[in-house]
Structures are given as C-alpha cells and as structure tokens.
Amino acid sequence: MSEALLSVQNLSTVFELRARSPFAKAPKLKAVSDVSFDLKEGETLGIVGESGCGKSTLGRSILRLIEPTAGRVVWQGRELTDLSAEEMRKARRDLSIIFQDPIASLDPRMTVADIIGEPLRVAEPSLDRKTRRQRVLKAMEEVGLAPEMINRYPHEFSGGQAQRIGIARAIITEPKLIVCDEPVSALDVSIQAQIINLLRGLKERLGLTLIFISHDLSVVRLVSDRILVLYLGRVVEIGPRGDVFARPAHPYTRALLSAAPIPDPDVARSRKRIPLQGDPPSPINPPSGCAFRTRCPIARDVCAKEIPPLIPVEGGTHRSACLFAEEVLRSGDDIASASV
Amino acid sequence: MADTRETLLSLTDYSVAFDTPDGVVQAVSNLDLDIAPGETVAVVGESGSGKSQTFNGVFGLLARNARTGGAVNFLGRDLLSLSSKELDKVRGRDMAMVFQDPMTALNPAMKIKRQLAETLEIHRGKSRREAEREALQMLKQVGIPDAERRINQYPHELSGGMRQRVVIAMALLCQPKLIVADEPTTALDVTIQAQILDLFRDLTQSFRTALVLITHDLGVVAGIADRVAVMYAGRIVEEGKVDDLFSRPAMPYTAALMRSIPRVDREAEAVEPIPGRPPNLIHPPSGCPFHPRCRFAEEKCVRERPPLGEVSAGRRAACWFPFIDAEAGTGGENALAETANV
C-alpha cells in the first residue's frame with residue numbers, strides 16, 4: 001500500500017537476558033515477534049493486550065526508542081531503521097510519544113517552559129528564546145494550560161495537568177504521528193475523560209495520526225479507528241474497530257472483551273463470560289504453535305503444530321491468527337460485549 | 001437506612017483527619033455507614049475521596065499524624081477504643097483486609113505454607129500440622145492450581161494473580177465475618193481480574209462473609225456489589241442498591257461519573273468529562289463539596305452543605321436538588337432528561 005504514512009513490516013524486538021551461569025546460554029525474551037501493519041494518515045490505531053504482551057515495546061520500537069532486532073519501519077517511504085543517528089534526530093520531530101505516568105515522565109528540576117520547549121531545542125536549535133517561548137505558549141493553549149503556569153515546576157501540578165504538559169511537549173514540534181502509551185491509565189476517571197477528549201480534539205485540529213496503546217478496551221474503543229490485539233508479542237487480531245468489537249474473530253479477543261467490566265448491573269449479570277484459565281505463559285519460553293492455546297477454550301492438537309498466520313476473515317481488512325476464526329465468528333453473537 | 005437490618009459493622013459520625021505542615025487534612029468527615037452480614041458493599045470514589053482512609057482507620061492502619069473521631073462498632077465493640085493488642089485479636093480473625101498490591105501482605109522471605117498456617121495457629125490455636133492441612137485446603141478452594149507444590153514456594157515465585165489468590169486465602173482462613181478489599185484487582189489484567197472477582201463472589205456466598213470493596217472502577221462495582229456508597233471529598237454523597245444507583249443516580253456527581261466513563265459494549269463518539277478536579281481537603285469548598293464542578297449548582301449549594309438524607313426507600317443522597325422525587329420515590333424525569341441532553 002503506497003498511501004501508508006507508516007508501514008511496520010515483520011518487526012521483532014528481542015531482549016537478551018542475563019545468563020544464569022557463565023556457561024549457560026543467555027535466555028532470550030521475544031517481546032515483539034513479527035508484527036506488521038500499515039497506518040494511514042489521520043488514522044488512530046489502538047493496540048491492546050495484557051501486561052507483558054509487548055505493546056509498549058512495540059510502540060517504542062516503532063520510534064526506535066528501543067532498537068528493534070529485525071524487520072522494517074517505513075515512515076513516509078523512508079526506512080527509519082536505516083537512518084543514521086543524525087538523520088533520525090531530524091525525523092524525530094515528526095514522531096512523538098506520550099507516556100503513562102504524567103508526573104514521573106517530567107523532569108522535576110525543569111520548569112514547564114523548559115519541559116515543553118525541550119523537543120524544540122533539539123529539532124530546531126536555531127530558534128531564538130523568544131520564538132521558542134511563544135511556541136511553548138501556543139502549545140500550552142492547545143492543551144488547555146493557563147499561560148501563567150509557564151514558570152512552574154512539575155510537582156505543583158495534579159496528574160491531569162501534568163499529562164497536559166506531557167501532551168504539550170509531544171505536540172510542540174508539530175509532529176505527524178504520536179504514540180500514546182497508556183496516556184490515561186494513571187488518571188482518575190473524571191480526569192480521564194478530559195484527557196481523552198483533549199487528544200481527540202487535537203487529532204482533529206492538528207491532523208494527527210495516533211497509535212493508542214492501552215490495556216483498557218473501553219478507552220480504546222472510544223478513540224480508535226482500527227484495533228490491533230497483541231498476545232505474547234504477536235498480533236492475534238487486527239481490523240476496523242466496529243468489526244473487532246462487534247465480531248471478534250480470535251478466542252483471545254473474545255475472552256478479553258467478555259472479561260472487561262461493564263458499568264451496568266443488568267448487563268454485568270446477564271452477559272456470558274468466557275473464562276480463561278491461568279496466567280499468560282512466559283515470553284521467554286512461549287508454547288509451540290499458537291501461543292494462546294494453553295489458555296484457549298477451543299484449542300485442538302493442531303494448534304500446537306505451527307504459529308497460525310493472520311488470515312482475512314469475512315473477506316475484508318479484518319484478520320485473525322486463529323485456525324478456527326470462522327468458527328469463533330459464528331459463535332460470536334452470544335457475548336454481551338458484542339452489542340453495538 | 002432500614003433500622004431493622006442486622007448490622008455487622010457500623011460507622012457513626014466517623015471522621016479521619018491528618019495533621020500536616022500545611023494544615024489539617026480532613027480526609028473523612030462525619031461518615032455514617034452500616035454493613036450487614038453477608039452483603040457486598042462497594043465504596044466508590046476518586047483518589048483523595050477518603051475511601052481507603054475510611055477503612056484504614058477501621059483497621060487501625062492510619063499514619064501517626066492521623067486523628068479519628070466518631071464510633072466504629074464491629075460485633076458490638078467500638079474498635080476505636082480498643083488497644084492495639086485487643087485490635088490484633090479482631091484483625092485477621094473476625095475481619096481481614098486485602099490490598100491492591102499482594103506483596104504488602106506477604107512476607108517475601110517466608111514460604112506460602114508458613115504464612116498461611118501462622119494465621120491459624122495464632123488466631124485459632126491450631127496445631128502446626130492441622131493448620132498446614134487447612135492452609136492447603138484453602139489454597140485449593142481459591143483455585144490455585146498445583147497447590148501442593150505452590151504451598152512450598154515463596155511469594156516471588158508466583159504470578160500477580162496467584163499472589164492475590166494467596167492473600168485472599170489468607171484473609172479467608174479464619175472465616176472472618178468481614179473482608180475489606182482495597183482495589184484488589186486494579187493491578188491485575190482484565191482476564192485475571194475477572195477470575196478474582198468470580199472468586200470473591202463465590203467465597204462471600206459460601207462463607208457468608210460480608211465484603212467491602214473499595215474501588216474507583218464502576219464496571220467492577222456493577223458486577224459484584226449489592227449496595228454502593230459513592231464518596232467525594234471525604235463524605236458519602238450517595239448510597240443505595242446497585243441497580244437503583246446505576247439506573248437512576250440521584251446525586252449529580254454520581255450521574256456525571258457514569259457519563260464520563262467509556263463503555264466497552266457501546267459505540268460512542270465522546271465521553272463527557274467532569275470539569276475541574278477534586279477539591280483540596282485542607283481548604284474544602286463551602287457548602288456542597290461538589291458545587292464548583294456541578295452544573296446544577298445554585299446559590300444554596302454554595303452556602304449550605306446538604307446532609308446525607310433519604311431520597312427514597314433505601315436510598316440516601318447528599319444533594320439539595322437530587323434527581324429523585326423523595327416523596328414519590330420515582331425518578332425526577334425533568335432533571336434526568338436535562339442531564340442527558342446537555
């Protein structure tokens with residue numbers, strides 16, 4: 001697809017762990033395995049999965065904040081993974097990130113002006129102080145921070161305000177793509193909604209493309225156009241939001257959806273849950289074949305043989321890495337979480 | 001609340017305050033709350049609402065600079081007047097607490113077996129062998145696979161979900177009448193969260209244990225609670241049966257909370273945030289603590305604090321203009337329609 005703004009191709013990130021003894025082989029942790037997807041301009045891709053599934057590593061590997069081990073990241077036709085440090089520095093102004101913990105991600109010794117202006121100092125070192133300050137003020141206005149806060153320090157801010165500072169820092173270089181890594185998970189519910197609406201508004205106004213990483217399916221459903229479900233570092237399902245939520249085609253997605261709490265006592269009582277046994281297996285030593293088979297309610301012998309490829313379901317852009325995706329789809333009309 | 005109800009735990013005019021260099025933080029103010037045997041009550045609120053401090057106080061777990069007021073009656077005794085030695089006999093035996101991080105309750109240097117058995121030896125005077133046998137039994141009951149092996153392991157060898165099961169097993173060992181669980185599933189993944197909530201549901205039923213679930217997550221509340229108390233700025237602002245409260249919130253804060261959360265089972269274009277942020281508890285606002293963020297606030301709300309009063313049967317709200325007609329006990333349709341449209 002030539003129209004893709006970002007194309008991630010067979011991306012893998014492997015961490016080498018410390019060996020247990022000087023003679024033992026160092027174990028390898030495959031955090032991200034063979035992930036591919038395209039992102040169009042203006043699109044929001046939601047990446048969901050449980051802790052340890054590799055969603056944050058994936059987000060960071062795309063931006064080369066963590067060096068991927070294999071695969072390609074093609075940004076506007078250029079291969080990011082081939083760029084020199086200097087070229088990467090230039091490319092970075094288009095690529096930005098927002099972190100989960102708003103306070104911890106801000107340097108406590110820097111003022112708001114310095115924190116928000118920092119990426120600009122790197123991207124456009126020739127700017128004079130006055131212009132830079134004006135740009136900081138403009139970014140602050142975009143995110144709803146009062147100009148008089150510009151000389152304050154992070155500890156003077158609440159979590160919601162600190163996250164606004166983090167967002168201002170992320171947009172100041174006028175990026176095209178922002179990776180949002182659990183941007184609202186640390187916030188109180190009433191503040192969460194403020195930040196979600198802010199991100200949605202900015203996306204529209206500034207024409208941003210977003211990768212929205214979250215463990216919270218309800219938040220992801222609200223902000224994303226497309227959904228990517230990760231399990232143990234692999235894509236198990238990807239597709240348009242409406243399809244994935246209404247007709248999940250992978251048993252893991254179905255289980256996730258059925259376990260997500262719904263703030264409605266009637267629905268909570270009547271919905272059908274798909275219970276999963278046990279915990280996710282270790283990414284150091286993943287099961288053979290389909291990594292989900294050890295917890296899957298419909299697993300069969302064949303699932304242990306090889307890693308199932310992502311294949312289109314319903315003949316469209318909706319794809320699932322389950323050998324029995326059609327079966328999952330057919331049985332899918334009885335989960336309460338599927339009501340649209 | 002109905003007077004005829006049997007109560008297990010009763011908080012009366014209960015307050016918690018902290019002396020800090022910046023002034024007195026009034027974390028919990030004049031709380032009245034009854035918990036009946038066997039019921040599951042969710043205490044809901046945002047950070048700083050006082051939901052955790054309320055029960056830290058009940059268990060005698062407050063920081064040194066805290067002061068408590070009012071009365072906490074549990075099984076006919078005022079817990080606030082007990083010495084820490086007397087309180088030790090009640091804690092762990094008649095009432096137990098489960099925290100968000102299971103490692104706060106587990107000793108990292110002790111095998112699971114010893115930690116569990118110790119509880120029974122101390123509180124129930126069981127022999128070591130007997131205690132260990134019961135510990136194993138309980139581990140199986142809370143759904144730990146391969147319990148015979150797990151019981152001989154250390155906490156760090158278990159996953160987060162499994163550790164939380166161990167803590168729940170420990171809480172249940174002495175068959176307490178009350179378990180207070182403070183955000184017990186917040187650190188867990190959704191699939192594990194669902195398992196733990198199922199476990200609570202089954203166990204409270206089979207042991208007839210009352211459960212107080214402290215949480216910020218209304219989705220979790222809807223799935224497990226019989227009754228809900230919503231806290232804001234150190235006070236209960238609304239309390240009622242789970243169905244009533246979710247279908248017709250009486251207090252604007254509760255209604256606003258419900259509208260601010262996205263739902264996984266619905267397509268929506270936007271959520272409606274609550275403007276502003278929770279108040280400072282050193283200098284709380286005058287009148288109703290929610291008035292600066294409430295779109296229905298009127299002059300009276302700024303001047304006078306509304307008491308937590310009965311708005312319909314089994315339903316209390318602290319609001320001068322609740323969305324419920326107190327006399328008829330029916331929904332105030334106008335107010336509700338208005339909230340839906342704005």
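Residue numbering restarts at 1 for every chain, and letters A, B, ... go by the order of the sequence lines.
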- request: With sequence neighbours excluded, tell me which residues meet salt bridge (Lys or Arg N to Asp or Glu O under 4.0 Å) with B:Asp22.
  value: none

task: List in chain and number order the residues that pass salt bridge (Lys or Arg N to Asp or Glu O under 4.0 Å) with B:Lys140, two or more places apart in sequence or in another chain; answer none if no residue qualifies.
output: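 B:Lys140 satisfies salt bridge (Lys or Arg N to Asp or Glu O under 4.0 Å) with B:Glu148 once adjacent residues are dropped.
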
What distance do [X] atom [atom1] and [Y] atom [atom2] have between them, rounded to the nearest 0.5 Å?
X: A:Ile196; Y: B:Ile261; atom1: CD1; atom2: CD1; result: 10.5 Å
X: B:Asp265; Y: A:Ile262; atom1: CG; atom2: CD1; result: 3.5 Å
X: A:Leu187; Y: B:Glu46; atom1: CG; atom2: CD; result: 10.5 Å

Over all heavy atoms of both residues, which pair between [X] and [Y] is shortest? Give the atoms and the distance, please.
X: A:Leu222; Y: B:Pro262; result: CD2-CB, 3.9 Å
X: B:Gly223; Y: A:Ala268; result: CA-CB, 3.7 Å
X: B:Thr191; Y: A:Glu50; result: OG1-OE2, 2.5 Å
X: B:Arg277; Y: A:Ser158; result: NH1-CB, 3.5 Å
X: A:Pro263; Y: B:Phe246; result: O-CD2, 3.3 Å
X: A:Ala193; Y: B:Val271; result: CB-CG2, 3.7 Å

- prompt: Which residues, numbered in order, of residues 192-201 of chain B come under 4.5 angstrom of chain A by heavy-atom distance?
  reply: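 Answer by number: B:Ile192, B:Gln193, B:Ala194, B:Gln195, B:Asp198.
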
field: For chain B, the option from A:Ala260, A:Ser190, A:Ala259 that forms the most heavy-atom pairs under 4.5 Å
entry: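 With the most close heavy-atom pairs to chain B, the winner is A:Ser190.
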
- prompt: Taking it one step at a time, do B:Asp243 and A:Arg269 satisfy side-chain contact (heavy atoms from CB on, under 4.5 Å)?
  reply: CA-CA 11 Å; B:Asp243 290 278; A:Arg269 273 189 293 264; 2.5 Å; yes

- prompt: What pairs of residues pass the salt bridge (Lys or Arg N to Asp or Glu O under 4.0 Å) test when at least one of them lies in residues 231-246 of chain A, not counting sequence neighbours?
  reply: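 Counting only pairs at least two positions apart or across chains, the salt bridge (Lys or Arg N to Asp or Glu O under 4.0 Å) contacts touching residues 231-246 of chain A are A:Arg241-B:Glu267, A:Asp243-A:Arg247.
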
Looking at [X], I want to see if its [atom1] is surrounded by more than 12 non-hydrogen atoms of other residues, nucleotides or ligands under 6.0 Å.
X: A:Lys203; atom1: NZ; answer: yes
X: A:Arg205; atom1: CZ; answer: yes
X: B:Glu157; atom1: CD; answer: yes

- prompt: Can B:Arg263 and A:Asp264 be counted as an ion pair, charged N to O under 4.0 angstrom?
  reply: yes

- request: Check each atom of B:Val221 against the heavy atoms of chain A and say whether the ones under 4.5 Å are side chain, backbone, both or neither.
  value: neither

